[in-house]
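Computed from a predicted structure; not experimentally measured. FYI, side chains are in, hydrogens and waters are out, and symmetry mates aren't considered; it's all heavy atoms of this structure.
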Amino acid sequence: MNIAVIFAGGVGSRMHSKQKPKQFLEMYNKPIIIHTIEYFENHPMIDAIALVCVADWIDYCKSLLYKFRIDKVKAIVPGGETGQLSIYNGLKAAKEIAGDEGVRPLINDKVITDNINSVKEHGSAITTAVVKETILVVDPETSTIDYVPSRNNSRVARAPQSFWLDDILSAHEKMLTKGITNCIDSCTMMQECGFNLHLVDGPGENIKITTPEDFYTMRAILEAKENAQIYGFDE
């Protein structure tokens with residue numbers, strides 16, 4: 001059973017949205033979170049979805065799922081105090097959905113398929129993108145450059161990040177027993193717990209919508225896709 005855990009638990013302070021969290025801002029008459037969910041809803045290899053949402057917006061989220069005819073969301077749970085705890089809440093919901101089965105995995109059908117196949121073959125999938133700019137590793141105390149890694153050996157970690165459900169849950173529980181609640185993402189946590197991580201190439205357009213600039217970039221990408229559909233341009 002393949003379960004997607006999708007996170008809509010942030011308040012989006014960097015987006016500077018005053019009326020609603022960033023994930024509910026509308027793009028082409030559809031909230032950003034629905035754009036994301038629909039990729040998983042329409043993918044034939046995804047069996048169910050667990051959604052992590054800002055507690056005060058759960059009822060609103062349910063109304064969106066009804067409005068846009070989303071059927072695969074089987075659980076909506078509130079986020080935690082940190083991103084790590086929000087992920088853990090979603091994974092526990094996924095475990096309840098899966099029973100004794102389960103995999104946890106702006107995206108596309110191919111990257112979802114590649115994630116699922118990578119977990120089956122390698123036990124994990126970290127979606128990445130090629131680094132286009134020079135990365136500098138700095139000394140925070142002196143604000144000087146420590147070293148410059150090669151672009152050929154550098155990647156940007158993105159979502160989805162996918163694992164066997166029992167593996168990622170065990171990693172979370174190990175961190176919690178150590179009192180660690182602020183791991184930045186699942187990739188970091190699994191690396192810390194000694195798991196071998198397999199990389200999956202993702203589309204360059206698969207950006208995280210965090211700032212107003214990201215919002216406008218997403219709109220430009222969707223507009224380009226729409227134009228390609230209408231005018232026959234290559235994507």
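Leu165 places none of its side-chain heavy atoms less than 4.5 Å from the side chain of Met1. Taking 4.5 Å as the limit, every side-chain heavy atom of Thr181 sits out of range of all side-chain heavy atoms of Glu81. Counting heavy atoms from C-beta on, the side chains of Leu65 and Ile37 come closer than 4.5 Å. Two residues are said to be in side-chain contact when any heavy atoms from C-beta on lie closer than 4.5 Å; Ser170 and Phe163 fail this criterion. Residues His198 and Val119 fail the side-chain proximity criterion, which asks for heavy atoms closer than 4.5 Å. Annotation: side chain of Lys74 is not in contact with side chain of Ile3 (no heavy-atom distance under 4.5 Å). Looking at heavy atoms from C-beta onward, Tyr147 lies out of side-chain contact with Leu136 at the 4.5 angstrom threshold. In this structure the side chain of Cys61 never reaches within 4.5 angstrom of the side chain of Ile33, judged on heavy atoms.
When each of Val52, Leu51, Val5 is checked for a side chain to side chain contact (heavy atoms under 4.5 Å, CB included) with Val77, only Val52 meets the rule.
Enclosure of atom CD1 in Ile180 by more than 12 non-hydrogen atoms of other residues, nucleotides or ligands within 6.0 angstrom is indicated. More than 12 heavy atoms of other residues, nucleotides or ligands shown are found within 6.0 angstrom of CD on Glu41. More than 12 non-hydrogen atoms from other residues, nucleotides or ligands lie less than 6.0 angstrom from CG of Asp139.
Note that NZ of Lys95 and CD1 of Ile168 are 13.0 Å apart. Values are rounded to the nearest 0.5 Å. From Ile97, atom CD1 reaches atom CG of Leu91 across 11.0 Å, with rounding to the nearest 0.5 Å. Annotation: the span from Cys193 atom SG to His172 atom NE2 amounts to 9.0 Å, rounded to 0.5 Å. Taking CG of Asn108 as the start and NE2 of His43 as the end, the distance is 9.0 Å to the nearest 0.5 Å. A distance of 7.5 Å separates CZ of Arg151 from CD of Glu133, quoted to the nearest 0.5 Å. A distance of 8.5 Å separates CG in Asp56 from CD1 in Ile58, rounded to the nearest 0.5 Å.
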Original post:
Run the side-chain contact (heavy atoms from CB on, under 4.5 Å) check on Gln23 and Phe7 step by step: do they pass?
Top reply: CA-CA 9 Å; Gln23 57 271 27; Phe7 307 100; over 6 Å; no
Original post:
Do Ile46 and Ile116 pass the side-chain contact (heavy atoms from CB on, under 4.5 Å) test, and can you show the C-alpha distance, the side-chain angles, and the key distance before you say yes or no?
Top reply: CA-CA 9 Å; Ile46 295 296; Ile116 293 172; 4.0 Å; yes
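Side-chain N or O atoms of His122 include none that pairs as donor or acceptor with a backbone N or O of Ser124 at under 3.5 Å. The main-chain N or O of Val200 is never found under 3.5 Å from a side-chain atom of Thr127 such that the two would form a donor-acceptor pair. Panel note: side chain Ser118, backbone Asn115; no donor-acceptor pair is recorded below 3.5 Å. Side chain of Asn2 to main chain of Asp47: no donor-acceptor pair is present (N/O by atom type, distance under 3.5 Å, no hydrogens or angles). Thr113 places a side-chain N or O within donor-acceptor distance of the main-chain N or O of Asp109, the cut-off being under 3.5 Å. When atom types are taken as modelled, the side chain of Gln84 and the backbone of Cys183 share a donor-acceptor pair closer than 3.5 angstrom.
In plain terms, the two heavy atoms of Lys120 and Trp164 that are nearest each other are CA-CZ2, 3.9 Å. Closest approach of Ala50 and Gly90 over heavy atoms only: CB-O, 4.0 Å. Between Val130 and Arg155, the closest heavy-atom pair is CA-CD, 4.1 Å. The minimum heavy-atom distance linking Gly79 with Asn89 is given by the pair C-ND2, 3.7 Å.
Cluster note: Val156 groups with Val131, Ile135 through ILVMFWY side-chain heavy atoms spaced under 4.5 Å, whether in direct contact or through intervening members.
Between Trp57 and Phe24, the angle of the ring planes stays under 30°, which puts this pair in the parallel group of the 30/60° scheme.
In the hydrophobic clustering of ILVMFWY residues, with side-chain heavy atoms under 4.5 Å counting as a link, Val138 and Val148 come out together. Under the 4.5 Å side-chain heavy-atom criterion for ILVMFWY residues, no single connected hydrophobic cluster contains both Ile184 and Met190. Tracing side-chain contacts under 4.5 Å through hydrophobic residues (I, L, V, M, F, W, Y), one reaches Ile6 starting from Tyr60; they form part of the same cluster. Using a 4.5 Å cut-off between side-chain heavy atoms of Ile, Leu, Val, Met, Phe, Trp and Tyr, with links allowed through other members, Met189 and Leu197 fall into different hydrophobic clusters. Linking Ile, Leu, Val, Met, Phe, Trp and Tyr residues whenever their side-chain heavy atoms come within less than 4.5 Å leaves Leu85 and Met175 in two separate clusters.
Among residue pairs with one or both ends in residues 28-37, those qualifying as salt bridge (Lys or Arg N to Asp or Glu O under 4.0 Å) are Lys30-Glu38; sequence neighbours excluded.
Side-chain polar atoms of Thr188 and Asp185 form a donor-acceptor pair below 3.5 angstrom.
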